[in-house]
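Quick note on labels: first sequence line is chain A, next is B, and so on, each numbered from 1. Predicted, not measured: the structure shown is a model, and the values here were computed from it.
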Amino acid sequence: MIFEVFRQERKGQSFQHAGSVEAPNKDFGDWYAREQYGRRGESVALWVVPRESVHEIDEFVDELEKNYHRVDGYPLKEKLKEARERAGTTATRDR
Amino acid sequence: MSERAQQLLEIADDELLLGWRNSEWTGIAPFLEEDVAFSSIAQNEIGHARALYELAGRDLGKTADELAFDRAPEEYRSAALVEPRFVPDWARTIARHYLYETADQIRIEALKASDDAEVAGLAAKIDREEVYHRMHAEMWLERLVGEPRVREALVELWPKALGVLGDDLRPLLRERLAALDLPEVEPVERGKHSGELAELWEKMTVVRRSVPGATW
């Protein structure tokens, strides 16, 4: 079995993927994870997850090119400028 | 030599030699994760040996290195169980690992209950690491106990395993291993060395002997 190991460096931080270990069962997986990713004081906690429990999603459909869904697809600056011109105001005077 | 120094030396010698023998798997253990794990256990055992030698050394006026490396092979107080080289036999390695960790637990428990605060304190520290060694040994035994080679190795090593402990603690070992249904045997007493210790000693001390008295 392959186990994906996530480690937390300090309390309160989010867990980050550390790597994986191969082991015959869960108990061995825990043991090996501890040895590989926890024995040098580099982690305060580990998540040891059987690989088959990790669902991978790698398809993100965007057939109609809805570019306004994307962070780079919605140039707010231009649209704001146009709106202000129509209203006869400027950003500084508004504030 | 005080009884305390004698007792500490026995355990230190066991831990040093077993740590050395286990480290012979480094790089060639059955798979990568186990290589790291078993090497780590070996390092821990040698760390325990150093702490025990340091405490014994305070009574004897010697350093840990002097006790570990400057004695003649026949002066070592190690048990027969820890001396043989088992590479590349994983079945015997696991059988020894399990027998040793079980016996060592009994010995450490007795030390933790000692009236000597230094000994009890060190035993408690060592035990916190040994918990993980025992888990590891138990996982492996559970996995391989049905294999005839492991069974044979357990039977073969059983008299030597009994010899790790003094007379008083042997009944406890028999009791804890009752489920394995091992035969009634005469223990191999500590201090009867095989040729394998001399061979190991040659290797273990060669660098230190190359420049006597050097500071490393």
Applying side-chain contact (heavy atoms from CB on, under 4.5 Å), can you list everything that pairs with [X], at least two apart in sequence or on another chain?
{"X": "A/Glu52", "answer": "A/Met1, A/Pro50"}
{"X": "B/Ala110", "answer": "B/Leu169"}
{"X": "A/Arg10", "answer": "A/Gln13"}

Give me a line-by-line list of donor-acceptor atom pairs from chain A to chain B that are under 3.5 Å apart, or tell me none exist.
unit_1  : atom_1 : unit_2   : atom_2 : d
A/Glu22 : N      : B/Glu33  : OE2    : 2.6
A/Trp31 : NE1    : B/Tyr132 : O      : 3.1
A/Tyr32 : OH     : B/Glu34  : OE1    : 2.3
A/Glu35 : OE1    : B/Ser40  : OG     : 2.5
A/Arg39 : NH1    : B/Gln43  : OE1    : 3.4

